[in-house]
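Read the structure below first, then the notes.
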Amino acid sequence: MTLNKSLLKQKLSPRDIRFYESVDSTNDIALDWLREGALSGAVVIADEQRRGRGRMGRIWYTPPGVALAVSVVLKPPPNAVGQITMLGAVAVAQMCESLGIAGVGIKWPNDVQINGRKVCGILPEAAWDGDRLTGVVLGIGVNVRVDFQDDVLRQMATNIETEYGQSINRTDLLVKLLSQIDCWSASLGTADLLEAWRKRLVTLGLVVVVREVQGDSVEGLAETVDEQGALCVRLADGTLKRFLAGDVTLR
Ligand code: BTN
């Protein structure tokens, strides 16, 4: 069943929302809205995305009626932009935890996993006016009851309903998610948010391969994260290499 627009407006009031049954990407719409003057907290929601975008140029699959595809407009202070991705991951992790789901963790930098399977992806995108930051769109995709089409996805991904063990109302889930985002938005730029993210990371202490956004893959021990959220990896030659972005796989 599709999300109900008037129920969404009622439950999310007084927030500015734009709801679509089907769009290419909620992030694209939110970025346009941000450039036109959307206020912080404005939200774009779609029941289906035809060209949902993932990190590192990947496609994000959002068939109708089975997921959450949400983009939230935020106007963080410039020194807190790097924490937007943490904010998204912590908000989704807490949404899952509040349902009593066990085994929730964050794979660096921002994939929320349940028992090692990805349940949510996050794509923050900034809009600039020259060298002035207009704001950031925090794009969040949550699998609720997606029928994954290929074996690789079936192995690597999971759904909220699978882990929760019963059906769940997507509007209620969205209300929980946005309230977590509001709550953590007030902590942007603080050590509290960094710590809430760091303590959920499942990547630390593991031997990983990090693929840089444009570049090579590097293998090493994921030792720690620094204050900017960069992953610090100990290489075989003993040096510590810092990654601000990239993709991690276990060796
Ligand atoms: C990832 O690759 O893990 C990030 C996926 C982000 C998907 C969300 S769904 C809502 C928003 N709109 C998009 O096109 N992408 C993000």
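Numbering of ligands and ligand atoms starts at 1, following listing order.
If you check which protein heavy atom lies closest to atom 2 (O) of ligand 1, you get R55 N, 2.7 Å. Of the protein's non-hydrogen atoms, the one nearest atom 5 (C) of ligand 1 is W60 CE3, 3.4 Å. Closest protein heavy atom to atom 8 (C) of ligand 1: G141 N, 3.6 Å. Scanning the protein for heavy atoms near atom 13 (C) of ligand 1, the closest one is Q49 OE1, 3.3 Å. Among protein heavy atoms, atom 4 (C) of ligand 1 sits closest to I122 N, 3.4 Å. Of the protein's non-hydrogen atoms, T26 OG1, 3.2 Å is the one closest to atom 10 (C) of ligand 1.
Ligand-side atoms of ligand 1 in range of R53: 5 (C), 6 (C), 7 (C), 13 (C), 14 (O), 15 (N), 16 (C), range being under 4.0 angstrom from any heavy atom. Heavy-atom contacts of V70 reach the following atoms of ligand 1: 10 (C) (cutoff under 4.0 Å). Listed by number with element, the atoms of ligand 1 under 4.0 Å from a non-hydrogen atom of G52 are 14 (O). Counting the atoms of ligand 1 from 1 in the order shown, those under 4.0 Å from a heavy atom of K118 are 1 (C), 3 (O). Using a 4.0 Å cut-off to heavy atoms of G54, the atoms of ligand 1 that qualify are 1 (C), 2 (O), 4 (C), 5 (C).
The number of heavy-atom neighbours closer than 6.0 Å to CE of M156, taken from other residues, nucleotides and ligands shown, is 12 or below. Annotation: R51, atom CZ; neighbour count of heavy atoms from other residues, nucleotides and ligands within 6.0 Å does not exceed 12. In this structure, K118 places its NZ atom where more than 12 heavy-atom neighbours from other residues, nucleotides or ligands lie under 6.0 Å away.
The closest approach between M56 and ligand 1 stays at or above 4.0 Å for every heavy atom of the residue. Ligand 1 lies nowhere less than 4.0 angstrom from a heavy atom belonging to T62.
A distance of 4.5 Å separates CD1 of I45 from CD1 of I17, quoted to the nearest 0.5 Å.
Looking only at side-chain heavy atoms (C-beta outward), L138 and I122 come within less than 4.5 Å of each other. Taking the side chain as every heavy atom from C-beta outward, L240 and E223 approach each other to under 4.5 Å. Side-chain contact check for V119 versus T162: every heavy-atom pair is 4.5 Å or farther apart.
A salt bridge is absent between D216 and R211; no separation between the charged side-chain nitrogens and carboxylate oxygens falls under 4.0 Å. No salt bridge links D129 with R35; every basic N to acidic carboxylate O contact stays at or beyond 4.0 Å. Under a 4.0 Å N-O distance rule, the pair D24/R53 does not qualify as a salt bridge.
Counting heavy atoms closer than 4.0 Å to ligand 1, residue I140 contributes backbone atoms (N, CA, C, O) but none from C-beta onward. Of the heavy atoms in N110, none comes closer than 4.0 Å to ligand 1.
Considering backbone and side-chain N/O of R58, none are found under 3.5 Å from N/O of ligand 1.
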